[in-house]
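The figures that follow rest on heavy atoms only: side chains count, while hydrogens, waters and symmetry mates do not.
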Amino acid sequence: MASPGTPTPRTPQGWPHPLVAAALSAVIPGLGQLAAGARRRGWWFIAITALFVLPAVVLLLLVFYVKGLDLAIDISRPFFERPGLLLVLLAANVIALAFRVMTAVDAYLLAGGSISGGFVTTAVGTAGLTLILFLTVLPHVWIGERNVVLYDALTYDYASDPNQATTTTTRPPTTTTAGTATTVDPGPTTTTLAATTTTTQPDPFADGGRVNVLLLGSDAGIGRTGVRTDTMIVISVDPETGWTAMFSIPRNFIKLPIPPDHPAHPLWADGAWGDPSNLAWGVYAYGLANPQLFNGPNTGGDAAKVILGNLLGLDVDYFAMVDLQGFADVVDALDGVDITVTTRLYDPAYTHPGEEPRVIDFQPGTYHMDGRDALAYARSRTMSDDFNRMGRQRCVLEALARQSDPVELLRQLPSLVPAIQASVITDIPIAQIPDFLDLLSVADLQNIVSIRLMPNAPEFAGTAASYVAYRISGYNVPNVDFIHERVDIATTLPPDEAIVALNLQAGLTETCGVSSTAQD
């Protein structure tokens, strides 16, 4: 019989096993203490858990499994605006880990576990406890890794280009006209230090108008020199309605109009950039080489926005450029992309950057492509042409946008961020990334008004209409006024009406294998 001063046991003899108590507190801090009879301590630990840990767990469950995208974007917005908050989140993750480890070890000891004693008993107990602690640490490491990667991503300078000129070349120009061809003689050359000009961009989301983004695909990469933008696409989205339009600009256009009030306008005959030695794919490089004429930390991007935007009659808000290898790496980081091929694409000697030529043969059908194949599909011109390639590039972009699940993006963050940092240059402010996530969620990606500025566009079959006004030395000069009219229709009418008015239905369905009115 127990003496009056002996505490009455609060748990059955032999329960819980020390490792069971440790596991219980590893899952929910305090449960192991309750099972071991330390009720006051257990309830305190449970209360702390409920106050500080469970809200984070509930939030993660909502984001990952309930797909509360709007809520996730709203909660993440302050971190994009002030990335330093991620360090606070990292510290909270470390504290939560230490708390869980401490309660697990405490429960193990309360239930009779020992770190000293018989060799076999101690070895088994230590091994079991180590395994429990290892499993406890894993989710915190997973979260912490993404926390660190995200902080690096949000504090990275994406706007700078290593090819940006640090000096300006002052060239008093003279022009010579021979027939229809005009050349610019730069004259004597003097070199001066270029001042860095940073401008504050207006926020297009605050204005309530369309958001226009220029996407550039650079032909830079392994085995190539210079920057040539083989791919030039402007995507225009109305944030209120989700109406989306896409405009593909050929790389071999010349005489692109420069705004009359721009410093570069008087340097070119008729205020039009590019002659047979200066194709549209060189606009970005022209801006990089002439920082005295353009604004911002990346004058190549500013030149592309100004000149290509003026061609379309649009104010381009932002640009984003990715190089060839970078595109493939990003697709691989996203575990590939599903592409529907409607017309066979055969190239007997396609060359991937840094590799030997290989045969590509995409028969009609649906493929889950890795980065190399997606790049080959978007880039090959063999047995095709620039304009068919523009259509395929648009299809790849649409497919990537449709398959961009924010939850999956978070899971792939450690591999996705380095791929983006190594290959993407953009002036999109980090603080506005949540706005673009919102924009992606409302954009009507199944009903895109897509215009390719090709000379013999299928929508003009049997008519004299063309996006090309005339040719110089075999190169196309754009029909600017006509292009402006078509762009205006594409950006002002509802997509279904614009597609009919512009006679674009057949081209959309035929190229991507998805009806313009199809739904997910």
Assign the ring pair Trp273 / Tyr286 to parallel, tilted or perpendicular, where the plane angle (0 to 90°) is split at 30° and 60°.
tilted

Using only atom types and a distance under 3.5 Å, with no angle test, would you say the side chain of Thr244 pairs donor to acceptor with the backbone of Val237?
no

Checking Asp302 against Thr299: is there a side-chain donor and acceptor pair closer than 3.5 Å?
no

Give a yes-or-no answer on whether the side chains of Ser218 and Thr229 include a donor-acceptor pair shorter than 3.5 Å.
no

What verdict does the side chain to side chain contact (heavy atoms under 4.5 Å, CB included) test give for Trp281 and Asp230, after you've listed the backbone C-alpha separation in whole Å, the side-chain angles of each residue and the deciding distance to 0.1 Å?
CA-CA 6 Å; Trp281 67 9; Asp230 270 0; 3.2 Å; yes

Locate the shortest heavy-atom distance separating Val227 from Ala285; write the atom from each residue and the value.
O-CB, 3.7 Å

Could you check whether any side-chain N or O of Asn310 sits under 3.5 Å from a backbone N or O of Pro257, counting only pairs where one atom can act as donor and the other as acceptor?
yes

Of all heavy-atom pairs between Ala159 and Asn298, which one has the smallest distance, and what is that distance?
O-ND2, 2.9 Å

Measure the CG-CD1 distance between Leu214 and Ile307 for me, rounded to the nearest 0.5 Å.
11.5 Å

Check whether Asp270 reaches the backbone of Ala272 with its side chain - one donor and one acceptor, N or O, closer than 3.5 Å.
no

Does Phe79 reach the side chain of Leu150, with side-chain heavy atoms less than 4.5 Å apart?
no

Taking atom CD1 of Ile499 and atom CG of Leu493, what is their separation to the nearest 0.5 Å?
11.0 Å

Using only atom types and a distance under 3.5 Å, with no angle test, would you say the side chain of His484 pairs donor to acceptor with the backbone of Asn479?
no

If you count every heavy atom of other residues, nucleotides or ligands that lies below 6.0 Å from Gln363 atom CD, does the total exceed 12?
yes

Does the ring center of Phe460 lie less than 6.0 Å from the ring center of Phe482?
yes

Can a donor-acceptor pair be found between the side chains of Asn212 and Ser236 at a distance below 3.5 Å?
yes

Tightest non-hydrogen contact, residues Met369 and Val331, listed as O-CG1, 4.0 Å

In Å, rounded to the nearest 0.5 Å, how long is the span from CE of Met321 to CG of Asp323?
7.5 Å

Tell me the closest heavy-atom pair linking Leu502 and Glu459, and the distance in Å.
O-CB, 3.4 Å

I'd like to know if the side chain of Asp161 pairs up with that of Tyr284 as donor and acceptor (distance under 3.5 Å, no hydrogens or angles considered).
yes

Would you say Asn456 has more than 12 foreign heavy atoms packed within less than 6.0 Å of its CG?
no

Test applied, side-chain contact (heavy atoms from CB on, under 4.5 Å); reference residue, Val487; option that passes from Leu453, Leu312, Val449, Val234:
Leu312

Donor-acceptor contact below 3.5 Å, side chain Thr343 vs main chain Val341:
no

Thr366 versus Thr340, closest heavy-atom pair with distance:
OG1-OG1, 3.2 Å

Run the numbers on Val283 and Leu256 for side chain to side chain contact (heavy atoms under 4.5 Å, CB included), then give the verdict.
CA-CA 9 Å; Val283 170; Leu256 308 181; 4.0 Å; yes

Any chance you could lay out the side chain to side chain donor-acceptor pair (under 3.5 Å) test for Asp438 and Ser441, step after step, and finish with the verdict?
CA-CA 5 Å; Asp438 277 332; Ser441 68; 4.5 Å; no

Could you tell me whether Asp275 and Lys255 make a salt bridge, using a distance below 4.0 angstrom between a side-chain N and a carboxylate O?
no

Does either side chain, that of Gln432 or that of Tyr318, offer a donor lying less than 3.5 Å from an acceptor on the other one?
yes

Can you check whether Leu216's main-chain N or O pairs, donor with acceptor, with Thr231's side chain at less than 3.5 Å?
no

Would Arg77 and Phe80 count as a cation-pi pair here, with the cationic atom under 6.0 angstrom from the ring centre and within 45° of the axis?
no

Euclidean distance, Asp74 CG relative to Leu437 CG, rounded to 0.5 Å:
11.0 Å

Close side-chain approach of Met232 to Leu308, heavy-atom, < 4.5 Å
yes

Using a strict threshold of under 4.0 Å (side-chain N to carboxylate O), is an ion pair present between Arg372 and Asp332?
no

Using the salt bridge (charged side-chain N to carboxylate O under 4.0 Å, His left out) rule, take Asp317 and Arg210 through it: C-alpha gap first, then chi angles, then the decisive distance, then the call.
CA-CA 9 Å; Asp317 303 300; Arg210 298 183 74 96; over 6 Å; no

Would you confirm whether Tyr158, through its side chain, and Ala153, through its main-chain N or O, come within 3.5 Å as a donor-acceptor pair?
yes

Please test Ile451 against Arg486 for side chain to side chain contact (heavy atoms under 4.5 Å, CB included), starting from the C-alpha separation and ending with a verdict.
CA-CA 9 Å; Ile451 291 179; Arg486 305 279 290 182; 4.2 Å; yes

Is the ring pair Phe294/His262 parallel, tilted or perpendicular, if the boundaries are 30 and 60 degrees?
tilted

Between Val149 and Asp152, is a side chain to side chain contact (heavy atoms under 4.5 Å, CB included) present by the stated rule, with each step listed?
CA-CA 5 Å; Val149 169; Asp152 181 44; 5.6 Å; no

Could you check whether Asp347 pairs with Arg358 (Lys NZ or Arg NE/NH1/NH2 to Asp/Glu carboxylate O, under 4.0 Å)?
no

Does the gap between the ring centers of Phe253 and Tyr475 come in under 6.0 Å?
no

CG-OG1 distance between Leu314 and Thr491, expressed to the nearest 0.5 angstrom
6.0 Å

Hey, is the main chain of Ser380 close enough, under 3.5 Å, to the side chain of Arg392 for a donor-acceptor pair?
yes

Please determine whether the number of non-hydrogen atoms from other residues, nucleotides or ligands lying under 6.0 Å from atom CG of Asp488 exceeds 12.
yes

Smallest heavy-atom separation, Ile233 atom then Ser248 atom, equals CG1-OG, 3.9 Å

